[in-house]
> 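One structure follows; several queries about it will come next.
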Amino acid sequence: MHLTMKPSGDLPTRYTKEEMTKKEEQNLPAFEDAEAQFQEFLKTVEWPGELIWICADDVAVSGDILIVHPNKEGREQAIRGYKRGIKKHLGILLNAICRDDFRTYCAVWNPSDQTEAEYALMPQGLKFSVPSERRQAKIITGQIKWWWLKWNATPWQLK
């Protein structure tokens, strides 16, 4: 059981683990609301507001260039990652990976355990991130070209 102080300073209220889980989940917005907040954040840092959701398997590195091959299920994968992050209670990162002139390519990341959360300076809630340096991105739509480029490139680590 967890003890939580009421705002009025009254005696602590006891919550079961299940009750605390529900309270924590209620503090995080639904994916669609988090996505809208992320788009607003991107506008403040002058990044495109159109989001293309990707995962680690959609990105490779060749020299200084990020090679991105967005897949059709990117948004569904992002939603699943977001829900997984809610259940873990270790924080959720909406991370801008790269951009072109019109779109931001982004991913959902959440730490695997408490130690990784601490190293990543993750809050219990929602965190937004954009890279400090704009990396050149090459967007690949053809499957055969993507396989060849990815085979010759370095895998990308999301976070």
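Please read these numbers as outputs of a predicted model, since none were measured by experiment.
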> For Trp53 and Glu35, which I'm curious about, is there any donor-acceptor pair between the side chains at under 3.5 Å?
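Side-chain D/A pair, Trp53 to Glu35: present.
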> Spell out, yes or no, whether Leu126 and Phe31 are grouped together once hydrophobic residues are joined by side-chain heavy atoms under 4.5 Å, including indirect joins.
yes
> Are the side chains of Leu90 and Glu116 in touch, meaning some heavy atoms are under 4.5 Å apart?
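The answer is no; the side chains never approach within 4.5 Å.
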> Is the closest side-chain heavy-atom distance between Thr104 and Val130 below 4.5 Å?
no
> Side-chain contact, heavy-atom cut-off 4.5 Å: Asn71 with Ile54?
no
> Tell me the closest heavy-atom pair linking Lys88 and Pro111, and the distance in Å.
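Here Lys88 and Pro111 meet closest at NZ-O, 3.2 Å.
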> Once rounded to the nearest 0.5 Å, what's the spacing between atom CD of Gln114 and atom CD of Glu118?
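Going from CD on Gln114 over to CD on Glu118, the span is 4.5 Å.
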> Could you walk me through whether Gln39 and Trp47 pass the side-chain contact (heavy atoms from CB on, under 4.5 Å) check?
CA-CA 9 Å; Gln39 287 173 311; Trp47 276 58; over 6 Å; no
> Determine, step by step, whether Ile67 and Val59 satisfy the side-chain contact (heavy atoms from CB on, under 4.5 Å) criterion, reporting the C-alpha distance in whole Å, the side-chain angles of both residues, the deciding distance to 0.1 Å, and the verdict.
CA-CA 6 Å; Ile67 303 167; Val59 183; over 6 Å; no
> Check this for me: Glu32, atom CD, are more than 12 non-hydrogen atoms of other residues, nucleotides or ligands nearer than 6.0 Å?
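Enclosed.
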> What I'd like to find out is whether the side chain of Ile86 reaches to under 4.5 Å of the side chain of Ile92, using heavy atoms alone.
yes
> For the pair Phe38 and Phe128, name the ring-plane relationship: parallel under 30°, tilted 30 to 60°, perpendicular over 60°.
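It falls in the tilted class, 30° to 60°.
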> Is it true that a side-chain atom of Asp113 and a backbone atom of Thr115 form a donor plus acceptor pair closer than 3.5 Å?
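Yes, the answer is positive, given that a donor and an acceptor are paired below the 3.5 Å cut-off.
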> Where do Val108 and Leu94 land on the side-chain contact (heavy atoms from CB on, under 4.5 Å) test, with the steps shown first?
CA-CA 5 Å; Val108 173; Leu94 301 187; 3.6 Å; yes
> Using 0.5 Å steps for rounding, measure from the CG atom of Asp58 to the CD atom of Glu73.
10.0 Å
> Tell me yes or no: between the side chains of Tyr105 and Asp100, is some donor less than 3.5 Å from an acceptor?
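Yes, Asp100 and Tyr105 have a side-chain donor paired with an acceptor closer than 3.5 Å.
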> Looking at SG of Cys98 and CD1 of Ile139, how far apart are the two atoms once the value is rounded to the nearest 0.5 Å?
5.0 Å
> More than 12 non-hydrogen atoms from neighbouring residues, nucleotides or ligands closer than 6.0 Å to NZ on Lys83, yes or no?
no
> Would you check if Leu42 and Thr44 make a side-chain contact, meaning some heavy-atom pair closer than 4.5 Å?
no
> How many angstroms lie between atom CD of Glu76 and atom SG of Cys55, to the nearest 0.5 angstrom?
12.0 Å
> Answer whether the closest heavy-atom distance between the side chains of Pro70 and Ile52 falls below 4.5 Å.
yes
> Write down the atom of Pro29, the atom of Tyr82, and the distance for their closest heavy-atom approach.
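Heavy-atom minimum between the residues: O-OH, 2.5 Å.
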> On a heavy-atom basis, which atom in Leu121 and which in Lys127 lie closest, and how many Å separate them?
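That would be O-NZ, 3.2 Å.
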> Quick one: pull up NE2 in His89 and CG in Asn27 and give me the separation to the nearest 0.5 Å.
11.0 Å
> Output, in order, the C-alpha distance, side-chain angles, deciding distance and verdict of side-chain contact (heavy atoms from CB on, under 4.5 Å) for Met122 and Leu93.
CA-CA 8 Å; Met122 285 297 295; Leu93 174 67; 4.0 Å; yes
